[in-house]
Number of protein chains: 2
Amino acid sequence: MKQGFAMSDDNASAASAPRRARKAEAAPDLGVAAAASGVDVEQHIYETVFDSVLNQRLTPGTKLPEPALCELFGVSRAVIRKVLQRLEHERIVELRPNKGAVIAAPTPEETRQIFEARRALEVSIVEIAARRHTPQDLADLRRLLAHEHEITHNPYQPAWAACAREFHLRIAAVAGNPILTAYLTELMTRCSLIVALYQPSGNAACEHAEHGRIVDYMEKGDVASARAEMGRHLRALEDNISLDRGASTQTLAQMLNLG
Amino acid sequence: MKQGFAMSDDNASAASAPRRARKAEAAPDLGVAAAASGVDVEQHIYETVFDSVLNQRLTPGTKLPEPALCELFGVSRAVIRKVLQRLEHERIVELRPNKGAVIAAPTPEETRQIFEARRALEVSIVEIAARRHTPQDLADLRRLLAHEHEITHNPYQPAWAACAREFHLRIAAVAGNPILTAYLTELMTRCSLIVALYQPSGNAACEHAEHGRIVDYMEKGDVASARAEMGRHLRALEDNISLDRGASTQTLAQMLNLG
DNA sequence: ATAATATAAATCGTTGACGATTTTTGTATT
DNA sequence: AATACAAAAATCGTCAACGATTTATATTAT
């Protein structure tokens with residue numbers, strides 16, 4: 001098969017020109033801003049790739065050649081390599097030695113493990129959140145539920161996925177443990193990859209109702225029911241994933257929402 | 001304060017010599033072995049640092065200068081940098097921009113979060129393990145308990161810590177979810193840092209008894225009791241950490257068990 | 001026409017070097 | 001003697017280049 005990339009052609013002219021405005025001898029470029037922006041540039045590249053994965057512009061299996069990313073972002077290979085290693089550790093990309101980086105493609109077995117891990121984590125998280133929530137926390141969750149309700153009938157899948165993601169992460173935020181939140185964030189990102197791979201026939205309205213029940217139990221202080229409902233909800237999510245595949249024909253620049 | 005390092009002196013003569021035996025023109029060094037060993041070298045460096053942290057030779061706050069590590073392991077800065085980034089992502093070292101890497105020193109608040117995350121994870125892990133264990137799994141756990149019993153009266157703290165660590169990770173292995181095992185591994189490594197920082201007055205015999213009860217409940221299939229006992233056990237662990245500090249005077253080479 | 005082989009292109013791993021920042025050391029002043 | 005300041009050393013971030021490996025392409029033989 002053929003990957004639909006054409007970046008070395010259309011980007012060689014667009015990205016190489018601003019690249020030279022770094023240490024020019026004519027412009028008195030204050031070196032402080034250039035050096036201090038280094039860490040921000042790295043974060044920007046990371047977030048761009050991350051966001052593209054969440055929005056399914058970068059789909060599992062997509063190759064991420066280092067030279068292409070260098071030209072797209074106008075940086076050296078060292079910083080690209082650093083970002084790729086970070087993404088690898090979060091299981092978003094897979095780094096095959098001497099063969100390049102690709103967006104990770106969770107196998108069915110990994111999918112099972114990811115959902116089992118989510119259940120293990122989230123039932124504990126919702127238990128902590130059910131004990132620790134403030135009135136403000138509940139108001140925020142209700143507001144998220146209202147936004148969910150509006151978007152339930154939106155056919156654009158990534159929008160709903162982002163909404164649901166925000167809900168689960170908000171509960172983790174209520175629990176107030178950054179470590180558990182980080183783990184859950186990682187697992188939910190991998191779930192985005194799963195959704196992109198095996199398009200689930202998810203019923204947004206059904207999921208929305210389950211979210212509502214979870215908040216209801218939290219408000220009542222019914223910890224056990226909140227745990228049970230979260231467990232049911234996650235099992236239901238796992239239960240509707242098919243095994244179709246979809247291949248893309250976009251360019252890497254389009255997937256990254258650049259140019 | 002003064003860090004007790006003297007590596008640039010005694011290592012400049014010992015490590016720079018074998019460094020040159022890489023691409024010499026006289027020796028027909030087969031480049032395949034040198035290139036293929038690259039990933040193993042990286043893994044070796046990682047495991048050396050990791051092991052040194054577990055054994056409390058590398059204690060929180062210890063600086064890890066890149067040039068020193070380059071000479072100690074005879075590699076370039078790129079590979080050292082890669083290992084440091086990996087260790088940073090696992091929260092074992094902290095990478096302060098432009099200020100170097102140090103062994104992480106969990107704060108009291110982080111300590112609370114780490115133990116809360118351990119409880120959240122391990123009660124679910126032991127529940128899965130209690131449902132999924134085979135006779136062989138139970139035999140292995142009993143064997144670990146026997147080894148624990150022998151070492152209970154050993155005054156050398158890291159030996160007992162390694163034993164307890166193995167027990168908890170074995171339960172995770174019985175649960176059979178690599179993702180949860182990886183998260184727990186990370187948390188237990190951070191617990192080693194906590195132990196090194198705030199030396200707990202842990203009662204090994206008491207912990208050993210709790211381990212035994214956990215396995216008993218698993219064997220009986222009493223899932224709820226296994227969960228509860230694990231929760232009690234982890235709370236007890238958290239409850240005895242003091243707030244003393246200890247500073248080291250060893251050289252980095254000694255801490256890494258080299259030469 | 002297809003398969004196998006050889007050549008060419010692209011990509012990755014590693015290294016050494018340069019500039020910028022931080023830390024240490026030495027000096028002068030109060 | 002202690003503090004403040006300045007020079008020097010050490011360390012880190014980034015980059016460009018070289019060799020090795022992989023992938024794609026072109027050629028040739030069956």
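Lettering follows sequence order; numbering is per chain, from 1.
Comparing atom distances between the A:Pro65 side chain and each of C:dT11, D:dT11, D:dC15 picks out C:dT11 as nearest. Taking the side chain of B:Arg77 as heavy atoms from C-beta on, and the options C:dA17, C:dC12, D:dC15, the nearest nucleotide is C:dA17. The side chain of A:Lys99 has D:dT23 as its nearest neighbour among C:dT15, D:dT11, D:dT23.
Toward the 5′ end of DNA chain D lies the nearest nucleotide of A:Lys82, the other residue of the pair A:Asn98 and A:Lys82 mapping further downstream.
Within the 4.0 Å cut-off from OP1 or OP2 of C:dT11, not a single side-chain nitrogen or oxygen of A:Lys63 is found.
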Hey, can you pull the donor-acceptor pairs under 3.5 Å for the side chains in residues 185-192 of chain B, sequence neighbours left out?
residue: B:Thr185; atom: OG1; partner: B:Thr181; partner atom: O; Å: 2.7
residue: B:Glu186; atom: OE2; partner: A:Tyr183; partner atom: OH; Å: 3.1
residue: B:Thr189; atom: OG1; partner: B:Thr185; partner atom: O; Å: 2.8
residue: B:Ser192; atom: OG; partner: B:Met188; partner atom: O; Å: 3.4

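In this structure, A:Ile45 atom CD1 and D:dT14 atom C1' are separated by 13 Å, rounded to whole Å. As rounded to whole Å, 9 Å separates atom P of C:dC12 from atom CG of A:Leu69. A straight line from CG of A:Leu64 to P of C:dT11 spans 12 Å, rounded to a whole angstrom. A:Glu66 has its CD atom 13 Å from the C1' atom of D:dT21, to the nearest Å. Taking atom CD of B:Glu94 as the reference point, atom C1' of D:dC12 lies 16 Å away to the nearest angstrom. What separates CD of A:Glu42 from C1' of D:dC12 is a distance of 14 Å, to the nearest Å. Atom CD in A:Glu88 sits roughly 14 Å away from atom C1' in C:dC12 (whole-Å rounding). The distance from atom CG of A:Leu84 to atom P of C:dT11 is 14 Å, rounded to the nearest whole Å.
Residues satisfying the side chain to side chain contact (heavy atoms under 4.5 Å, CB included) test with B:Arg86, not counting sequence neighbours, are A:Gln85, A:His89, B:Gln43, B:Tyr46, B:Glu90.
The shortest side-chain heavy-atom distance between B:Leu95 and B:Val102 does not fall under the 4.5 Å cut-off.
Rounded to the nearest 0.5 angstrom, A:Ile80 CD1 and A:Glu42 CD are separated by 9.5 Å.
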